[in-house]
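Following: one structure in structure tokens, then a few remarks.
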Number of protein chains: 2
Amino acid sequence: MFTKVLVSEDMEDINKGVHSALCELGVKEIQQVQYCDDAYLKIKKAILDDVPFQLLISDLSFKTDYRTQKFQSGEALIKKLKEECPSLKIIVYSVEDRLQKVRALITDYQVDGYVCKSRRGLNELSKAIKSVLNHTLYLSPEVAQAFNANNNLEIDDFDIQLLKQLSNGLSQEEISTHFKNNNISPSSLSSIEKRLNKLRIEFKANNAIHLVAIVKDLGLI
Amino acid sequence: MFTKVLVSEDMEDINKGVHSALCELGVKEIQQVQYCDDAYLKIKKAILDDVPFQLLISDLSFKTDYRTQKFQSGEALIKKLKEECPSLKIIVYSVEDRLQKVRALITDYQVDGYVCKSRRGLNELSKAIKSVLNHTLYLSPEVAQAFNANNNLEIDDFDIQLLKQLSNGLSQEEISTHFKNNNISPSSLSSIEKRLNKLRIEFKANNAIHLVAIVKDLGLI
DNA sequence: TCCGAAATTACGGAAAACCGTAACATAGTT
DNA sequence: AACTATGTTACGGTTTTCCGTAATTTCGGA
């Protein structure tokens, strides 16, 4: 079993749950952080001290508070860590169940496991840890299809970004120039119109106002 | 302190966290369920057996799985319970922090506390329990403003109505005819334009989309 | 009853959103 | 290299929204 594990998760109650699960698996040293930046520092320091962590269990979304963070999300943290410490195993433990996201984390960042927080989440997490110990990728059932089946009606990060800018009061033209300035593709006005049209159809919205209202109610933005 | 408390929450790790918090507060009997329907049945049964629960701590959103549920959300459960068992105290414990949701739960269903899941969530939950024990409404800081401050705005029922129709996807012209049909005055397209312009200025919104996004965040609609 | 302020309605031009079509680019296949 | 599928960009026309101005109506007070 792993002997040194770090848990990065902002909610203290979930931290407790994960902690007890790790204890049951016989992990000797368990450390916990509630901020991505802390996770990064702890992991780097442990390497310098020659007592590195073997496994990181991390959430994706962290509520922002007064502490400004270098890493704005679990994703950013994971990206950096996988670049700098490829031997560190990483399991994502998140409510996020959009297949697009899971797919990206695995193909782009090579995470070693993805477990959806749910009723049986802790149980799944235990399975994932055992699996990762044997260098085998583990996906919890909710997202196991992330590679097999193709879910065509999915919302990706670009869509979210687009909807957010829209809800922030930017016109489609302003969004276009904003995307151009930030090297986000596609950025043409035409593409933005097309995407919004796709989203309107997907959410059965009459117009852009309706669309924003719907996705806000769904909690997507 | 309460002696008999039910926790309704689908994630087992959060359940563990809440459980330990309740233990620390000295609650003797703690029961947990992961489905709304189970919560309802347990509460009703306890009343029939003359050993009722005094407090329910419930989440709002529950992941759906193979078990089909009569209550599709924590909200539905709470609504029903507050109708049938008004003496039961209810604290909502949820990640949901949109004010209109919180407002609705308090004004429409008279919940006794609302705590946002966050880094300090368990701590807030403890405070809430103590407060509710004294029959005092408790709102965690994230949502405390849901009632207190922001009431100096000059918006009337007509404005709310207008914004609601707008967020429902009706065009300004459709809203106009809708108002005419329902004898709501003013109803001309011109008046609707004028009102929306007033609201845009009042809320510093760039356009109608922005306006709807803002008032949704404020919980006005 | 008349007056004036405020609300409502009407109108026209400019800007933005909406919608269909088509050209162009890119990646993967044979 | 040619072909296909998909994604991106470009463009023109229609509708809706946005905004200023002005005419009309409503209503309380002198």
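Convention: sequence-line order gives letters A, B, ...; per-chain numbering from 1.
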Which residues share a salt bridge (charged side-chain N to carboxylate O under 4.0 Å, His left out) with B/D37, sequence neighbours left out: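 By the salt bridge (charged side-chain N to carboxylate O under 4.0 Å, His left out) rule, B/D37 matches no residue at all.
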Specify the separation, in whole Å, of atom [atom1] of [X] and atom [atom2] of [N].
X: B/E173; N: C/dT9; atom1: CD; atom2: C1'; result: 14 Å
X: A/E174; N: D/dC18; atom1: CD; atom2: P; result: 13 Å
X: B/L189; N: C/dA10; atom1: CG; atom2: P; result: 9 Å
X: B/R195; N: C/dT9; atom1: CZ; atom2: P; result: 10 Å
X: A/L170; N: C/dA15; atom1: CG; atom2: P; result: 19 Å
X: B/K180; N: C/dT8; atom1: NZ; atom2: P; result: 13 Å
X: B/F158; N: C/dT8; atom1: CZ; atom2: C1'; result: 10 Å
X: A/H210; N: C/dA17; atom1: NE2; atom2: P; result: 18 Å

For [X], side-chain hydrogen bond (donor to acceptor under 3.5 Å, both in side chains) partners two or more places apart:
X: A/K180; answer: A/S176
X: B/E96; answer: B/R98
X: A/Q34; answer: none

Charged N-O contact under 4.0 Å between B/D157 and B/K164: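 Looking at B/D157 and B/K164, the cut-off is not met.
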The contact string for nucleotides 18-25 of chain C, one letter per nucleotide 5' to 3', using protein heavy atoms under 4.0 Å with B, S and - for base, sugar-phosphate only and none, comes out as BB-BB---
Which part of the nucleic acid, if any, lies within reach of B/S191 when heavy atoms closer than 4.0 Å are counted: base, sugar-phosphate only, or nothing?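 The answer is base, as B/S191 lies within the cut-off (heavy atoms under 4.0 Å) of a base atom.
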Pick base, sugar-phosphate or nothing for B/S187, based on heavy-atom distances below 4.0 Å to the nucleic acid.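 Since only primed, P, OP1 and OP2 atoms lie under 4.0 Å of B/S187, the category is sugar-phosphate.
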Just to verify, what does A/Y35 make a ring-ring contact (aromatic ring centres under 6.0 Å, His included) with, not counting sequence neighbours?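 Not a single residue meets the ring-ring contact (aromatic ring centres under 6.0 Å, His included) criterion with A/Y35.
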